[in-house]
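See structure below.
Below, each value reflects all heavy atoms present in this structure, side chains not excepted, and no hydrogens, waters or symmetry copies. We're numbering straight along the sequence, starting at 1.
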Amino acid sequence: GAAIFLASPASAFMTGQTVYVDGFRILRRADDRQQVNAAQDQDREIAKKIRDIEEKILDGQPDDSAFAKAVEAVHQAQKELDADMHRALGWKAPADDETEATHLSEMARLTAAERDTLKNDPRYQEKKAALQKTMEILGTVKQTLFEASSEWKSAQEEHHRVNQELTEK
């Protein structure tokens, strides 16, 4: 067999200690990763719980609620912006039943020149600003509804706590 020669008994001890310390570090890192993974899993579960609570809150809103009115205002503003885009670009008017997917597809296919035309068209920019404003109002209405729910608040606090734990790892 091959013989291993060590310079001194002290170097043998240091080598053994280094292996022990390195092994401990590896086990510690694996344990830390498991804790982080568990916290990330818990965070995803809480985020899903929050989405479910929010969906339940919004689904429970009556047709004449502030939320329903804000959603309608966003849809109307989107429709007006789309019609104005067609006007500014010299396209035929959009169909009354045009879907959001169709609108998004049109937006994705705009040329640089068409984007510039829209950027420099004051009426289109007014419609765009109006849409942004209605979306902000919708966001505020939703936030108000969520904050009125003790279940939502509790889930948010839990989410915050888990995120703090994750950042401390």
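Scored by the side-chain hydrogen bond (donor to acceptor under 3.5 Å, both in side chains) test, Arg115 finds no partners at all (sequence neighbours excluded). By the side-chain contact (heavy atoms from CB on, under 4.5 Å) test, Ser65 pairs with Gln61, Pro62, Phe67, Ala68, sequence neighbours left out. With sequence neighbours excluded, no residue forms a side-chain contact (heavy atoms from CB on, under 4.5 Å) with Ala130. In this structure Lys48 satisfies the salt bridge (charged side-chain N to carboxylate O under 4.0 Å, His left out) test together with Asp52, sequence neighbours excluded. With sequence neighbours left out, His160 forms a side-chain hydrogen bond (donor to acceptor under 3.5 Å, both in side chains) with no residue at all. Remark: Lys49 engages Ile53, Ala155, Glu158 in a side-chain contact (heavy atoms from CB on, under 4.5 Å) (not counting sequence neighbours). The side-chain contact (heavy atoms from CB on, under 4.5 Å) check on Glu147 picks up Gln143, Trp152, with sequence neighbours excluded.
Applying the ring pair (Phe, Tyr, Trp, His ring centres under 6.0 Å) definition to pairs two or more places apart or across chains, none involves residues 36-61. For the side-chain hydrogen bond (donor to acceptor under 3.5 Å, both in side chains) condition, the pairs that include at least one residue of residues 89-101, sequence neighbours left out, are Thr99-Thr102. For residues 53-75, every residue pair satisfying the salt bridge (charged side-chain N to carboxylate O under 4.0 Å, His left out) rule, not counting sequence neighbours, is listed here: Lys56-Glu151. Counting only residues at least two apart or on different chains, the salt bridge (charged side-chain N to carboxylate O under 4.0 Å, His left out) pairs with a member in residues 116-134 are Glu80-Lys127, Asp84-Arg123, Arg87-Asp121.
Pairing each heavy atom of Thr134 with each of Val74, the nearest pair is O-CG2, 3.5 Å. The nearest pair of heavy atoms linking Asp82 to Pro94 is OD2-CB, 3.5 Å. Across all non-hydrogen atoms, the minimal contact from Thr117 to Ala88 is CG2-O, 3.7 Å. Closest approach of Val141 and Ala66 over heavy atoms only: CG1-C, 3.9 Å.
Within the model, atoms CD of Gln76 and CG of Leu131 stand 11.0 Å from one another, a figure rounded to the nearest 0.5 Å. The structure places CG of Asp43 at 12.5 Å from CG of Asn37, a figure rounded to the nearest 0.5 Å. The CG atom of Leu58 sits 6.5 Å away from the CG atom of Leu145 when rounded to the nearest 0.5 Å.
Taking 4.5 Å as the limit, every side-chain heavy atom of Met85 sits out of range of all side-chain heavy atoms of Leu81. His159 places none of its side-chain heavy atoms less than 4.5 Å from the side chain of Gln164.
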Exercise answer: donor-acceptor pairs, residues 105-112 side-chain atoms, under 3.5 Å, sequence neighbours excluded:
{"unit_1": "Ser105", "atom_1": "OG", "unit_2": "Arg109", "atom_2": "NH1", "d": "3.2"}
{"unit_1": "Glu106", "atom_1": "OE1", "unit_2": "His86", "atom_2": "NE2", "d": "3.1"}
{"unit_1": "Glu106", "atom_1": "OE2", "unit_2": "His86", "atom_2": "NE2", "d": "3.4"}
{"unit_1": "Thr111", "atom_1": "OG1", "unit_2": "Glu114", "atom_2": "N", "d": "3.1"}
{"unit_1": "Thr111", "atom_1": "OG1", "unit_2": "Glu114", "atom_2": "OE1", "d": "3.4"}

